[in-house]
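Chain A is the first sequence line, chain B the second, and so forth, proteins listed ahead of strands; every chain is numbered from 1. Any value given below was found using the heavy atoms of this structure, including those in side chains, with hydrogens, waters and symmetry copies removed.
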Amino acid sequence: FTYFTGKPRWAGRKPLTLTYAISPEHTIKYVATADVAATIRRAFDNWARVIPVRFEEATNYESADVKLGFYGGDHGDGEPFDGVLGILGHAFSPESGRLHLDAAEQWAVDLGKESSEVAVDLESVATHEIGHVLGLGHSAVKEAVMYPSLSPRTKKVELKVDDIEGVQALYGSNPNFRLNQTVQSETSSAIALRDAIKKS
Amino acid sequence: KDDDQHRQALFRATQYNSNYTWRSFHRLLDLERGSRVDGLVGLKQYFVRFGYLISTNSADSVLSDAFDARLETAVLRYQASLGLPVTGKLDATTLSEVMAPRCGVPDLNPNRSRAAETVQR
């Protein structure tokens with residue numbers, strides 16, 4: 001895992017509460033608003049499980065700590081989007097709270113119901129970008145959520161040890177979370193993969 | 001022969017996963033230091049964008065199609081940063097990763113982005 005220069009993080013009393021909101025203007029039309037909201041909720045929950053930070057959906061977009069929206073092309077922050085695939089999204093280091101997704105993508109909230117070859121899983125990208133919002137940079141671990149690339153039609157939402165250790169170094173651990181369960185899970189996966197390779 | 005088959009399989013996967021923005025990079029397969037190919041400047045701009053190559057001025061080598069020492073260093077950094085085999089060449093594994101859809105935040109020195117400058121203000 002890596003951090004932004006200076007290791008910025010959200011400050012505040014523990015347990016820290018951050019509010020978030022999805023832009024009512026900069027959104028996508030082909031996915032129901034409730035489905036987008038539920039998917040973004042799950043993305044925040046992926047991080048809330050491992051750190052003592054609560055994420056609450058704000059009713060007022062302007063006053064939310066984290067502002068999420070779908071933008072196309074040059075949208076005024078100096079980092080224009082590039083159309084289908086290429087750049088999927090970007091987010092800003094703490095305590096900016098801006099999280100932008102490329103409106104040109106074929107966003108999917110359920111890959112099983114989306115037939116497009118270039119469909120991009122919304123929860124996966126949102127989970128990655130929330131990692132940036134919290135202060136993480138990119139990881140060299142291919143399986144980690146914070147690895148910079150994501151192939152179309154791929155779901156990667158489960159935080160790996162690398163992601164967890166990185167974010168917990170910034171915010172501490174959620175008292176209800178046990179890291180060794182994740183370590184065991186990753187070890188089991190690695191053993192299963194090794195066995196499958198041997199077998200083949 | 002095995003190597004050729006592996007390369008072909010890998011490249012089919014690359015093309016399936018490749019994005020519209022960087023699709024043309026497939027022409028750069030197997031280039032190494034000393035090569036000169038039209039389109040290499042696009043790859044250099046990619047490495048500038050994601051923090052692997054620093055453009056010092058408008059006349060520097062970033063604007064040329066030569067695979068020079070600076071580009072080789074950028075490729076080495078890229079491979080090391082993303083856990084790829086460190087070869088310094090544009091092998092199939094490296095190009096496959098370059099062409100994959102990705103996050104717009106730079107991998108190295110992310111605070112160099114305008115986003116971070118805004119935060120600092």
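B:Pro101 approaches A:Leu88 most closely through the heavy-atom pair CB-CD2, 3.8 Å. Minimum interatomic distance between A:Ala140 and B:Ser81 (heavy atoms only, all atoms of both residues): CB-O, 2.9 Å. Heavy atoms only, all atoms of each residue included: B:Leu82 and A:Ser139 are closest at CD2-O, 4.3 Å. Closest of all the heavy-atom pairs between B:Val105 and A:Ala91 is CG2-O, 3.4 Å.
Between chain B and the options A:His138, A:Lys142, A:His132, A:His90, the largest number of non-hydrogen pairs under 4.5 Å is found for A:His138. Listed options B:Gly104, B:Cys103, B:Gly83 were ranked by heavy-atom pairs under 4.5 angstrom with chain A; first place goes to B:Cys103.
Listed by chain and number, the residues in a side-chain hydrogen bond (donor to acceptor under 3.5 Å, both in side chains) with B:Thr94 are B:Gln79, B:Asp91 (sequence neighbours excluded). The side-chain hydrogen bond (donor to acceptor under 3.5 Å, both in side chains) check on A:Glu165 picks up nothing, with sequence neighbours excluded.
Within 6.0 Å of NZ in A:Lys67 there are more than 12 heavy atoms belonging to other residues, nucleotides or ligands.
Linking Ile, Leu, Val, Met, Phe, Trp and Tyr whenever their side-chain heavy atoms come within less than 4.5 Å puts A:Ile28 and A:Tyr20 in one cluster. Placement of A:Leu99 and A:Val109 within a single hydrophobic cluster is found when ILVMFWY residues are connected by side-chain heavy-atom separations under 4.5 Å, directly or transitively. Tracing side-chain contacts under 4.5 Å through hydrophobic residues (I, L, V, M, F, W, Y), one reaches B:Phe67 starting from B:Val37; they form part of the same cluster. A:Val157 and A:Val50 are members of different hydrophobic clusters when ILVMFWY side chains are connected at heavy-atom separations under 4.5 Å.
The OG atom of A:Ser151 sits 8.0 Å away from the CD atom of B:Glu97 when rounded to the nearest 0.5 Å.
Inter-residue side-chain proximity for B:Arg49 and A:Glu79 is flagged as met; some heavy-atom pair is nearer than 4.5 Å.
Contact of A:Tyr147 with chain B is made through the side chain alone, with heavy-atom distances under 4.5 Å. Of the atoms belonging to A:Glu105, not a single heavy atom falls under 4.5 Å from chain B.
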